[in-house]
Amino acid sequence: MEKRVYCKPKKCPFREETMNKFYDIGSPGKEPSHPMQLKHLGSKIGPITIRSRGSSFWGESPSPSRTYYRDTTAKDYDRQFVHKILTTYPPYDIELLLNHHYNLYLIEHPAGHFRFQKHIKYVIIPALERKGNCAAHLEIITQWLNSAPIIKQSNMTANQQLNKILAYIVANPDKNNVDANVIRDVIFSGSISFDEAQQLFLRIVRTGRTRLIGYRFLAFSSDTKRYLDDGGFGGEFTVTANQGKKPNSLNNENNLEVMKAFVTYAWGDIEHEKKVRAFTDYLRKKGIPAEMDVMLSQKETSINFKKMMHLAMQYPKVIVVLSENYKVRADAFAGGVGTEYTMLINDISDNPEKYILVSFNGRSPSIVPFGLKGNDIVDLSLPDGDETLLRKLTDQHKYVFAEVAPEYPKFDSKKIDNFKAVVDTKSVVSIENPMVKTGSSSLFCGQYNWIEFDLQLYFKNISDKPMDGFSYDLKLKQQLMPELYDQTVIDGFLIFNENLSEKIYPNRLIKGKSFTVKVSNHSLRQILGSKITITVYTDHGEHSKGFEVEEILKVRPSGSTFEERALSQNLFVSQTHVNYKYE
């Protein structure tokens, strides 16, 4: 028999004093998130088991063995750091290890340069000397101590630096490339070192206050803005007049934020090139800081084409002028258009609002490359084409026009009211009842464990005129698609959307996406009573239609050929049977 004995602690809770402030230590119960980070040792160190010898010759019972635990102390992290030094290979990477913990310590203790050095000199070096056979390690550490710079600290506190990074992410929600380089070069304009930027990056990763993409980049999340609104790190964040302004943007006299834009197109047609130059000049006269290849080549006559395309794709807005020539070269990935097209299709899904597709004459399929089908195209030949484009460049949505820029002469609200006839959206597009087919299922004793349904959406143009497509959203309970656990959930619902861009003639029925949903005995309670809602968006507005889950998802009981029943608890295995089955 084994008896566990706990050394009586002076204080029961594991306090932060038992941690060691000189080191970057991971989260409790988790493996280090960085190869140079120390592992969190928890509140107790052990077990140490002492086994006693006993005899049962005369019927005696052996003495029980005892397992001892003790409180974790700061010295335990010193020992772990020494072990980290001794196992670092190649040994000269010890400098990186020291810099990692040194820079993180300075963020929390801006005046702690000499104290960190003293800890290394009088605690870590003696511990290494007692180990023996580590002359190379000691030499590297000594050289580091003699050359370790005093990094010039910002006047900002560590919390203010972290809040500044979050403020940049909130002001740029479409950027998905915030790493240590962006923190150093863009957010702090090179005023901090790369190591310090890396430590700030790691601290934000550990807090989970932003979205993390591929464990490499920080990105915007709704929690980021809420956290800043509540004061951010240390409650030290306050909104100033200059915060929230995006880089590469201008503010005009109406206080509209105007994004810098690059206009790209296909060469080869002299008349088309003239029209693109006139179009770029027109945007600039409207206050849009638009640029094109001719402008860049005039500034730098020997500019490399690939360099120019790389620069162009960094603009906050990229205007792509579609043409038949552009489609031919893009689909064949030929020449400069092919290079640009490759970059565009790889980035457009991550930054859909960055790219604006425009046409000088209609939306014919003959000008749309295969990889850009389904994307919105601004037809500048339409009466409202200019307005649509300028709204996208200035981030002004149609339904908030009067609130955002009521004084802008181009976008007078009366003009819009006069231009657009009032049409009931329901009289334009009809949301038809989805076609539902029963898919795979699992039965137990004549009742369902789970069953899948295939939903095919249909719409119909019920107006008397052709229409150039529309968009729609499908909203349903998360439990209907349990496999999509990584999708964004809003108030317990998943939302899917699709743009139908093809021309739809009157009375024509058009097919939308198909969806597979799953109903199980585990999720039935959450699903019953909910609706599957479809919302259609057109130029005339929006309208929705909801379908009760019990009415649209019909179940055919086991053994029945024609009878269909609405979803109910009676058709599914009860939770009691499920528990019994797996006992």
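For the single chain, residues carry numbers from 1 onward in sequence order.
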Electrostatic pair [X]-[Y], nearest N-O below 4.0 angstrom:
{"X": "Asp468", "Y": "Lys503", "value": "yes"}
{"X": "Asp376", "Y": "Lys392", "value": "yes"}
{"X": "Lys327", "Y": "Asp331", "value": "yes"}
{"X": "Asp174", "Y": "Lys317", "value": "no"}

Asp386 and Arg391: CA distance, side-chain angles, deciding distance, salt bridge (Lys or Arg N to Asp or Glu O under 4.0 Å) verdict: CA-CA 9 Å; Asp386 290 355; Arg391 282 184 180 277; over 6 Å; no
Could you report the tightest heavy-atom contact between [X] and [Y], atom names first, then the distance?
{"X": "Val263", "Y": "Ala290", "value": "CG2-CB, 4.5 Å"}
{"X": "Thr210", "Y": "Thr224", "value": "CA-OG1, 3.6 Å"}
{"X": "Ala330", "Y": "Val337", "value": "N-CG1, 3.7 Å"}
{"X": "Ser523", "Y": "Gln479", "value": "CB-CB, 3.8 Å"}
{"X": "Phe201", "Y": "Ala180", "value": "CD1-N, 4.2 Å"}

According to the interplanar angle, ranging from 0 to 90°, do the rings of Phe233 and Tyr227 count as parallel (below 30°), tilted (30 to 60°) or perpendicular (above 60°)?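 Judged by the thresholds at 30° and 60°, the geometry between Phe233 and Tyr227 is perpendicular.
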In chain order, what residues pass the salt bridge (Lys or Arg N to Asp or Glu O under 4.0 Å) check against Arg216, with sequence neighbours excluded?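 Residues passing salt bridge (Lys or Arg N to Asp or Glu O under 4.0 Å) with Arg216: none at all.
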Side-chain donor/acceptor of [X] to backbone N/O of [Y], under 3.5 Å:
{"X": "Asp179", "Y": "Asn181", "value": "yes"}
{"X": "Glu452", "Y": "Thr516", "value": "no"}
{"X": "Asn163", "Y": "Ala167", "value": "no"}
{"X": "Asp24", "Y": "Gln37", "value": "no"}
{"X": "Lys39", "Y": "Pro32", "value": "no"}
{"X": "Glu498", "Y": "Ser471", "value": "no"}
{"X": "Asp347", "Y": "Met343", "value": "no"}
{"X": "Arg363", "Y": "Ile377", "value": "yes"}

Modelled atom types, side-chain donor and acceptor of [X] and [Y], under 3.5 Å:
{"X": "Asn499", "Y": "Ser501", "value": "no"}
{"X": "Ser359", "Y": "Asp379", "value": "no"}
{"X": "Glu432", "Y": "Ser430", "value": "yes"}

Under the 6.0 Å and 45° cation-pi test, does Lys511 pair with Tyr458?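 Checked: cation-pi criterion not met.
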Please say whether the positively charged group of Lys175, taken as NZ for Lys or CZ for Arg, lies over the ring of Phe220, i.e. under 6.0 angstrom from the six-membered ring centre and within 45 degrees of the axis. no
[X] versus [Y]: any side-chain heavy-atom pair under 4.5 Å?
{"X": "Ile510", "Y": "Asn461", "value": "no"}
{"X": "Ile462", "Y": "Val429", "value": "no"}
{"X": "Asp473", "Y": "Val536", "value": "no"}
{"X": "Leu166", "Y": "Tyr168", "value": "no"}

Please collect all ring pair (Phe, Tyr, Trp, His ring centres under 6.0 Å) contacts where either partner lies in residues 355-390, sequence neighbours excluded, each pair once. His272-Phe360, Phe279-Phe360
Does the gap between the ring centers of Tyr537 and Tyr472 come in under 6.0 Å? no
For Tyr341 together with Tyr326, are the ring centres under 6.0 Å from each other?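 No: the rings miss the under 6.0 Å criterion.
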Does Glu502 form a salt bridge (Lys or Arg N to Asp or Glu O under 4.0 Å) with Arg508? I'd like the steps, not just the answer. CA-CA 12 Å; Glu502 64 181 284; Arg508 182 187 171 191; 3.3 Å; yes
So with a 6.0 Å cut-off around NZ of Lys545, is the heavy-atom count from everything else above 12? yes
Tell me, yes or no, whether the heavy-atom count around Asp223 atom CG, taken from other residues, nucleotides or ligands under 6.0 Å, exceeds 12.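 Yes, the 6.0 Å shell around CG holds more than 12 heavy atoms from other groups.
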